[in-house]
> 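I'd like to ask you about the structure that follows.
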Amino acid sequence: MGWRREHIEIKTPEQIGLMRKAGLVVAAVHDALREATKPGVSTKDLDTIAETVIRDHGAVPSFLGYDLGDGAYPASICSSVNEQVVHAIPSAEQVLTDGDLISVDVGAILDGWHGDAAITLPVGEVAPELLAMVAAAEDALWAGIAAARVGGRLTDISHAVETSVRAAGPYGIVEGYGGHGIGTEMHQDPHILNYGKPGQGAKLKTGMALAIEPMITLGSPDTVELDDAWTVVTSDGSFAAHVEHSVGLCADGVWVLTATDGGVARLGDLVTSAAK
């Protein structure tokens, strides 16, 4: 296939350090939401908690007011429940119940730099097959991050994600959606699909910052966008999982900017010394 020319923002080590500070704000939001997510809580409640944490850290939400041309996004998080894959808008009417899965995508801007990460959380007692899907998505995320090595190619990440998912089970890998560059804007080149052959696309270079985000389902990979122009759901109603981290490619390794430990626990020696 052909590849369009992309403009990929290259950061200095100091700028990657600033992105780490934004990433830690996102990590703090996820910590708060892990504690708050339980049956009886609405997704609007979670949005209020998230915005409070972001602003208490001196940052502003990346998502609030974000506009792709169909109107500004009205919340600080995306809160996608069950068959909702991504971009679902928090609502006081969306009350979590026992057995739900919720994906919470969070973005924060600090000193002009963005952090962006997503987690999928169980609500109460969740079916084992759903927990297995979440684990498969998380393993695929870390496989993709491990493949984000200076000197490699963009689709090495895509291929690593796909290979991990395929080995885990008969999951659907959501088509069209994926990760992206990140920095002074939340969404930048390059676009990173969660499937594909290795060795293609842009060469991975020191100073790149990427958001890697697998999205998988228990059924079909096909999705539908709802009339709100944001919420994406599975076409067959199957449950989905969505996870994401922002990473910086450094001269001596990868830095998982939105992981509290910088990625050390999952990646070990692949992680830059700045994170240790």
Side-chain angles (χ1 to χ4, degrees), residues 26 29-30 33 37 42-44 46-47 50-51 61-91 94 96 100-108 114-123 130 133-134 136-138 140-141 144-145 157-158 161-162 165 171-182 185-188 190-195 210-247 258:
V26 173
V29 175
H30 281 164
L33 296 183
T37 297
S42 75
T43 55
K44 177 61 175 176
L46 298 181
D47 184 64
E51 182 170 359
S62 298
F63 299 171
L64 185 62
Y66 188 73
D67 195 343
L68 291 174
D70 292 321
Y73 189 76
S76 296
I77 64 171
C78 298
S79 53
S80 304
V81 180
N82 298 338
E83 77 283 358
Q84 297 170 343
V85 182
V86 287
H87 305 161
I89 300 169
S91 168
Q94 177 83 71
L96 301 178
D100 285 343
L101 284 183
I102 179 171
S103 167
V104 184
D105 196 355
V106 179
H114 288 258
D116 184 14
I119 51 175
T120 295
L121 299 172
V123 182
L130 298 180
M133 178 178 62
V134 174
E138 291 174 345
L141 170 62
I145 294 171
I157 300 170
S158 307
V161 171
E162 180 180 11
V165 173
Y171 300 110
I173 302 177
V174 173
E175 297 180 354
Y177 295 90
H180 51 89
I182 186 170
E185 298 171 302
M186 182 169 58
H187 293 116
Q188 298 181 327
H191 182 55
I192 310 169
L193 291 172
N194 289 312
Y195 49 86
L210 307 171
I212 300 171
E213 52 180 318
M215 304 169 201
I216 67 175
T217 78
L218 278 180
S220 170
D222 298 330
T223 58
V224 177
E225 186 179 87
L226 299 186
D227 290 342
D228 64 12
W230 288 103
T231 306
V232 176
V233 301
T234 57
S235 62
D236 60 1
S238 61
F239 279 33
H242 169 216
V243 291
E244 175 187 22
H245 272 306
S246 296
V247 306
T258 47

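Residues take their numbers from the sequence shown, with the count starting at 1. Computed from a predicted structure; not experimentally measured.
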> Are any non-hydrogen side-chain atoms of S79 and I102 less than 4.5 angstrom apart?
yes

> Could you pull out all residues at least two apart from A117 that satisfy side chain to side chain contact (heavy atoms under 4.5 Å, CB included)?
V26, H30, H245, T258

> Could you work out, with salt bridge (Lys or Arg N to Asp or Glu O under 4.0 Å) as the rule, every residue matching E162, not counting sequence neighbours?
R166

> Kindly indicate whether the side chain of I182, heavy atoms from C-beta on, has any atom under 4.5 Å from the side chain of S246.
yes

> Between V85 and Y177, is any pair of side-chain heavy atoms under 4.5 Å apart?
no

> Identify, with sequence neighbours excluded, every residue that meets side-chain hydrogen bond (donor to acceptor under 3.5 Å, both in side chains) alongside D47.
none

> So M133 and L101, do their side chains get closer than 4.5 Å, heavy atoms only?
yes

> Hey, what do you get for CD1 (I157) to CG (L193), rounding to the nearest 0.5 Å?
11.5 Å

> Which atoms form the tightest heavy-atom contact between V165 and A140, and what is the distance?
CG2-CB, 3.5 Å

> Residues two or more places apart in sequence or in another chain: which of them pass salt bridge (Lys or Arg N to Asp or Glu O under 4.0 Å) with E51?
R55

> Which residues pass the side chain to side chain contact (heavy atoms under 4.5 Å, CB included) test with E185, not counting sequence neighbours?
Q188

> Side chain to side chain contact (heavy atoms under 4.5 Å, CB included) with D228: which residues, sequence neighbours excluded?
I89, L226, W230, T231

> List in chain and number order the residues that pass side-chain hydrogen bond (donor to acceptor under 3.5 Å, both in side chains) with D100, two or more places apart in sequence or in another chain; answer none if no residue qualifies.
N82, T97

> If you take all heavy atoms of Y195 and I173, which pair is closest and at what distance?
CD2-CG2, 3.8 Å

> Is there side-chain contact between P90 and I77, with heavy atoms separated by less than 4.5 Å?
yes

> Could you report the tightest heavy-atom contact between D236 and S238, atom names first, then the distance?
OD1-OG, 2.7 Å

> Test of understanding: with side-chain hydrogen bond (donor to acceptor under 3.5 Å, both in side chains), list the residues that count as partners of H114, not counting sequence neighbours.
S62

> Is the backbone of L64 close enough, under 3.5 Å, to the side chain of S76 for a donor and an acceptor to pair up by distance?
no

> Provide the closest heavy-atom pair for S91 versus S42 in the form atom of the first, atom of the second, distance.
O-CB, 3.7 Å

> Just verifying a value: how many Å separate E175 CD and D222 CG, rounded to the nearest 0.5 Å?
5.5 Å

> What residues form a side chain to side chain contact (heavy atoms under 4.5 Å, CB included) with S80, not counting sequence neighbours?
Q84, A88, S103

> Could you check if a side-chain atom of D105 sits within less than 4.5 angstrom of a side-chain atom of V86, using non-hydrogen atoms only?
no

> Which residues pass the side-chain hydrogen bond (donor to acceptor under 3.5 Å, both in side chains) test with T37, sequence neighbours left out?
none

> Using 0.5 Å steps for rounding, measure from the CG atom of L130 to the CZ atom of F239.
5.5 Å

> As a quick check of understanding, evaluate side-chain contact (heavy atoms from CB on, under 4.5 Å) for Y73 and D67, giving each step before the final call.
CA-CA 6 Å; Y73 189 76; D67 195 343; over 6 Å; no

> Is the backbone of A229 close enough, under 3.5 Å, to the side chain of H87 for a donor and an acceptor to pair up by distance?
no

> Only one of I212, D116, L210 forms a side-chain contact (heavy atoms from CB on, under 4.5 Å) with H180, so which one is it?
D116

> Atom NE2 in H242, atom OG1 in T217: separation rounded to 0.5 Å?
14.0 Å

